Engineer: 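Have a look at the structure that comes next, please.
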Amino acid sequence: MNESWVTVVGNAATRPDFWETAAGVAVARFRLAVTVRRWDRGRDAWADAYTSFYTVWAWRTLAANVAGSVSLGEPLVVHGTLRVREREWDRERERDRPLQGEGGGAAVGAGPAVDSGGGPNQPSRWVTAEIDAMAVGHDLTRGTSAFRRVSQAKPLLNAPTRTTSP
């Protein structure tokens, strides 16, 4: 496949939103802020440059684990596929939608409604960068973390039931 795989290091700019689709698939979404740092020779120190924001999408088990593990402001490492989309504001329905001809993808129309204003200052078109995450974790160069394995209970087919058969 010709997908752009990226690994991005930044901070959680929003708390994760979590919901399940009509089909019962868990989905989580949050924004990631990534600030470029440059060496300033004049001051002989690192200086912040510009900040880019990404919408990170997580699905199924990863979504549930992101919702239970990620908090606002935490340093994260996200690995996944990058999508850059052009979107426009649908004034009639007061929501954003992809432009005509763009593949719907998994993210379009998913999740709770987001009120982006829609007023006279609302841009009619904009570009958004999204990452479909395959892995999300805390950036351990900036702190510590405690891992807890999530076990999904599977029914045993031959488990004793403490009842006697007739």
Side-chain angles (χ1 to χ4, degrees), residues 1-38 47-143 145 147-148 150 152:
M1 290 189 194
N2 293 327
E3 296 176 314
S4 298
W5 287 88
V6 295
T7 301
V8 183
V9 178
N11 292 316
T14 62
R15 290 187 313 267
D17 292 325
F18 178 81
W19 67 92
E20 289 187 1
T21 66
V25 177
V27 182
R29 173 186 64 198
F30 66 95
R31 299 278 288 163
L32 185 73
V34 179
T35 301
V36 173
R37 297 189 52 117
R38 306 252 190 243
D48 288 345
Y50 58 91
T51 301
S52 298
F53 290 88
Y54 299 88
T55 300
V56 178
W57 294 89
W59 300 88
R60 299 172 183 76
T61 303
L62 179 59
N65 291 342
V66 161
S69 301
V70 173
S71 297
L72 180 66
E74 291 184 338
L76 300 173
V77 178
V78 175
H79 180 72
T81 56
L82 177 66
R83 282 186 309 204
V84 177
R85 297 177 176 224
E86 190 172 353
R87 317 253 320 159
E88 74 179 3
W89 182 254
D90 185 348
R91 294 190 189 280
E92 293 175 13
R93 294 187 179 152
E94 295 193 13
R95 65 184 175 105
D96 70 288
R97 65 181 179 84
L99 290 176
Q100 193 76 346
E102 183 176 299
V108 176
V114 176
D115 178 16
S116 22
N121 295 329
Q122 174 71 34
S124 60
R125 289 186 176 187
W126 66 94
V127 175
T128 180
E130 300 178 350
I131 299 172
D132 281 326
M134 296 302 295
V136 176
H138 289 103
D139 182 356
L140 298 182
T141 63
R142 296 172 37 202
S145 184
F147 180 78
R148 290 184 312 274
V150 177
Q152 295 182 348

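In this text, all values refer to a predicted model and were calculated from it rather than measured experimentally.
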Engineer: Find out whether Phe53 and Thr128 are in side-chain contact, i.e. whether some heavy atom of one side chain is under 4.5 Å from a heavy atom of the other.
Structural biologist: no
Engineer: Using the rule given for side-chain contact (heavy atoms from CB on, under 4.5 Å), can you reason through Val84 versus Val127, listing the C-alpha separation, both sets of side-chain angles and the distance that settles it, and then say yes or no?
Structural biologist: CA-CA 7 Å; Val84 177; Val127 175; 3.4 Å; yes
Engineer: Which pairs pass side-chain hydrogen bond (donor to acceptor under 3.5 Å, both in side chains) with one or both residues in residues 67-79, sequence neighbours excluded?
Structural biologist: Thr7-His79, Glu74-His138
Engineer: For Arg148, what residues pass the side-chain contact (heavy atoms from CB on, under 4.5 Å) criterion, not counting sequence neighbours?
Structural biologist: none
Engineer: Quick check: do Thr21 and Val27 have side-chain heavy atoms less than 4.5 Å from each other?
Structural biologist: yes
Engineer: Is there a side-chain contact between Tyr54 and Glu130 in this structure, where contact means two heavy atoms from C-beta onward sitting under 4.5 Å apart?
Structural biologist: no
Engineer: Write down the atom of Leu62, the atom of Ala133, and the distance for their closest heavy-atom approach.
Structural biologist: CD2-O, 3.5 Å
Engineer: Identify the residue among Val77, Leu82, Val56, Val34 that makes a side chain to side chain contact (heavy atoms under 4.5 Å, CB included) with Val8.
Structural biologist: Val34
Engineer: Does Thr14 reach the main-chain N or O of Arg31 with its side chain, forming a donor-acceptor pair under 3.5 Å?
Structural biologist: yes
Engineer: With a 4.5 Å cut-off on side-chain heavy atoms, are Asp17 and Phe30 touching?
Structural biologist: no
Engineer: Which pair of non-hydrogen atoms, one from Ala58 and one from Ala63, has the smallest distance, and what is that distance?
Structural biologist: O-CB, 3.4 Å
Engineer: Does a side chain donor of either Asn11 or Arg142 reach within less than 3.5 Å of an acceptor in the other side chain?
Structural biologist: yes
Engineer: Within the 4.5 Å heavy-atom criterion, are Arg85 and Trp126 side-chain neighbours or not?
Structural biologist: no
Engineer: Applying salt bridge (charged side-chain N to carboxylate O under 4.0 Å, His left out), name anything that partners Arg15, two or more places apart in sequence or on another chain.
Structural biologist: none
Engineer: Is there a side-chain contact (heavy atoms from CB on, under 4.5 Å) between Leu32 and Leu76? Walk through the geometry before answering.
Structural biologist: CA-CA 8 Å; Leu32 185 73; Leu76 300 173; 4.2 Å; yes
Engineer: First locate atom CH2 of Trp57, then atom OG1 of Thr81, and finally report the distance between them rounded to the nearest 0.5 Å.
Structural biologist: 13.0 Å
Engineer: Can you name the nearest heavy-atom pair linking Arg38 to Ala49, along with the distance?
Structural biologist: CG-CB, 4.1 Å
Engineer: Here's a test for you: under side chain to side chain contact (heavy atoms under 4.5 Å, CB included), which of Ile131, Val66, Val9 qualifies with Val78?
Structural biologist: Ile131
Engineer: Would you check if Phe18 and Arg29 make a side-chain contact, meaning some heavy-atom pair closer than 4.5 Å?
Structural biologist: no
Engineer: Hey, are the side chains of Ser145 and Leu140 touching, using non-hydrogen atoms and a 4.5 Å cut-off?
Structural biologist: yes
